[in-house]
Student: 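Questions regarding the structure given below will be posed in turn.
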Amino acid sequence: MEENKDIFQDENWDSVEEKLLEVEKRVAKNDDMNPEDKQCFDAKMRELKMRVGEIKRTHNGWGESEEKKSKLPAIIILSIAFALLATCIGLFVWNIVRMRTYESDYFKMYGKVVDVKVSHSSGSKGSTTTYYLVISYTYDGKEYTFTDHSGHSWVGPDDVGKRAQIYVNPHKPADAELVMSSGWIAIFYSCCFCFFCFAYALGMNFLLGLFGTSFLKRVCFVWGMIILLGIALFLLPWIGFPNSSFGEVFSRVDGSVGILVVCGLAFLAMCVDGALMYHVRKLERGR
């Protein structure tokens, strides 16, 4: 009995059950044990099995808790990333619908810049000057004039007299707008997309590291996803404006350059990642 007890000293709990089976086999082969010792031994074995079960349950609970804690940073980062993506998509759709209204309901034509209105304002950072274009156009034989609502920080001396592409409301010809750019909405959703890409790449790389990562997994779930989403955000406005050329849409959608830069950085990160993995594998093969 004392000999069998030594088996459990300095052993990890995960091997204790195997040791218990080994002890039981030894006892079963030992025919010299009297009934009283056998009964005492069985009672101690039952107690020991209960303690092993408690340790196992405690360890499993600890393992699950530690696993959840290890995943928690990745879950938080990815939650922030997808919240940014949802905001980006919402603003993107709103922007497309807003710009599409002009494409479908307004008549696109050319007007002429006949004057420039100057507005001066002062603030904490000093005085600023804003220029507003005055545009004249003819619709159904009648001449109209309107002032562009979106100001410009600078207007060249040769801008007066130039043609300007405008949208005219056919039901209300006096209502006209310049061929508008997307403005702050597109800039905001482009910023959301940039922060999403950073958070998504960080969270996914951390999460993949917990389950075993590879270059192929990172291409499929990290770099490739960022590049595909960026291309979609860049191309969908063009598809939504069938009456506009690709270059015109590109110049009108503010923030498009930022989206292309992010896609380029993701592609560069993918190339660097692949080069590093190739170098590491080459070193491992050399060993």
Side-chain angles (χ1 to χ4, degrees), residues 84-119 121 128-156 158-194 196 228-263:
L84 289 169
L85 180 63
T87 304
C88 174
I89 292 174
L91 291 173
F92 176 80
V93 173
W94 178 28
N95 181 59
I96 295 300
V97 171
R98 186 175 69 97
M99 297 182 71
R100 177 70 179 175
T101 301
Y102 285 88
E103 291 283 340
S104 58
D105 299 341
Y106 282 57
F107 179 72
K108 187 160 64 173
M109 59 179 294
Y110 283 94
K112 183 179 180 181
V113 179
V114 295
D115 195 7
V116 176
K117 291 184 178 180
V118 183
S119 175
S121 61
T128 57
T129 303
T130 307
Y131 302 90
Y132 298 91
L133 302 178
V134 180
I135 301 171
S136 174
Y137 62 97
T138 302
Y139 187 84
D140 283 345
K142 294 182 179 181
E143 187 173 343
Y144 301 90
T145 302
F146 76 97
T147 302
D148 181 26
H149 298 295
S150 57
H152 304 271
S153 59
W154 182 85
V155 172
D158 299 331
D159 285 345
V160 176
K162 284 186 176 180
R163 292 201 312 166
Q165 204 171 44
I166 62 174
Y167 287 114
V168 178
N169 187 347
H171 304 292
K172 190 178 178 182
D175 182 14
E177 292 282 352
L178 273 175
V179 176
M180 52 179 287
S181 66
S182 52
W184 68 269
I185 299 176
I187 293 175
F188 191 75
Y189 77 63
S190 298
C191 292
C192 287
F193 178 73
C194 294
F196 156 76
L228 288 176
L229 283 171
I231 292 173
L233 287 176
F234 184 76
L235 292 180
L236 284 178
W238 180 43
I239 298 172
F241 303 141
N243 299 325
S244 301
S245 65
F246 179 76
E248 183 183 340
V249 174
F250 177 76
S251 63
R252 290 171 57 194
V253 179
D254 299 323
S256 56
V257 175
I259 293 174
L260 281 182
V261 169
V262 171
C263 290

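One is the number of the first residue; the rest follow in order along the sequence. Worth saying up front: this structure is predicted, and the values here are computed from it rather than measured.
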Student: Go through the steps for Phe196 and Thr87 under the test side-chain contact (heavy atoms from CB on, under 4.5 Å), then give the verdict.
Tutor: CA-CA 10 Å; Phe196 156 76; Thr87 304; over 6 Å; no
Student: Within the structure provided, determine whether Val113 and Val134 are in side-chain contact (heavy-atom separation under 4.5 Å).
Tutor: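 They are not in contact (no side-chain heavy atoms under 4.5 Å apart), so the answer is no.
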Student: Could you walk me through whether Ile89 and Leu85 pass side-chain contact (heavy atoms from CB on, under 4.5 Å), step by step?
Tutor: CA-CA 6 Å; Ile89 292 174; Leu85 180 63; 3.9 Å; yes
Student: Where do Lys112 and Gly161 come nearest, in terms of heavy atoms and distance?
Tutor: CE-O, 3.7 Å
Student: Working to the nearest 0.5 angstrom, can you tell me the gap between Lys108 NZ and Tyr102 OH?
Tutor: 14.0 Å
Student: Kindly check if the number of other-residue, nucleotide or ligand heavy atoms within 6.0 Å of CZ (Arg163) is above 12?
Tutor: no
Student: Which atom names give the shortest non-hydrogen contact between Cys263 and Ile231, and what distance separates them?
Tutor: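 The answer is SG-N, 3.9 Å.
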Student: Quick one: CD1 on Ile185 to CG on Asn95, what's the gap to the nearest 0.5 Å?
Tutor: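 Rounded to the nearest 0.5 Å, the CD1-CG separation comes to 5.5 Å.
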Student: Nearest 0.5 Å please: distance from the CD1 atom of Ile187 over to the OG atom of Ser256.
Tutor: 10.0 Å
Student: For atom OH of Tyr167, decide whether the heavy atoms of other residues, nucleotides or ligands shown that lie under 6.0 angstrom number more than 12.
Tutor: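 Atom OH in Tyr167 is packed in, count exceeds 12.
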Student: Say you draw a straight line from NZ of Lys162 to CD1 of Ile135; how long is it, rounded to the nearest 0.5 Å?
Tutor: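 CD1 of Ile135 is found 13.0 Å from NZ of Lys162.
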Student: List the steps, then state whether side-chain contact (heavy atoms from CB on, under 4.5 Å) holds for Tyr131 with Asp159.
Tutor: CA-CA 11 Å; Tyr131 302 90; Asp159 285 345; over 6 Å; no
Student: I need the minimum non-hydrogen distance between Asp148 and Tyr132, along with the two atoms involved.
Tutor: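 Closest pair (atom of Asp148, atom of Tyr132, distance): O-CD2, 3.3 Å.
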Student: Going from CG on Leu178 to CD on Gln165, what distance comes out if it is rounded to the nearest 0.5 angstrom?
Tutor: 9.5 Å
Student: Between Val253 and Pro237, what is the shortest heavy-atom contact and its length?
Tutor: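 Minimum heavy-atom contact is CG2-CB, 4.0 Å.
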Student: Which pair of heavy atoms, one from Ala174 and one from Tyr144, lies closest together, and at what distance?
Tutor: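 Taking Ala174 first and Tyr144 second, the nearest heavy atoms are CA-CD2, 3.9 Å.
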Student: Measuring from atom OH of Tyr137 to atom NZ of Lys142, what distance do you get when rounded to the nearest 0.5 angstrom?
Tutor: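 These two atoms lie 11.5 Å from each other.
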Student: Looking at Phe193 and Cys88, what are the two nearest heavy atoms and their distance?
Tutor: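 The pair with the smallest heavy-atom distance is CB-SG, 3.9 Å.
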Student: side-chain contact (heavy atoms from CB on, under 4.5 Å) for Tyr139 and Phe107? Distances and angles first, verdict last.
Tutor: CA-CA 10 Å; Tyr139 187 84; Phe107 179 72; 3.8 Å; yes
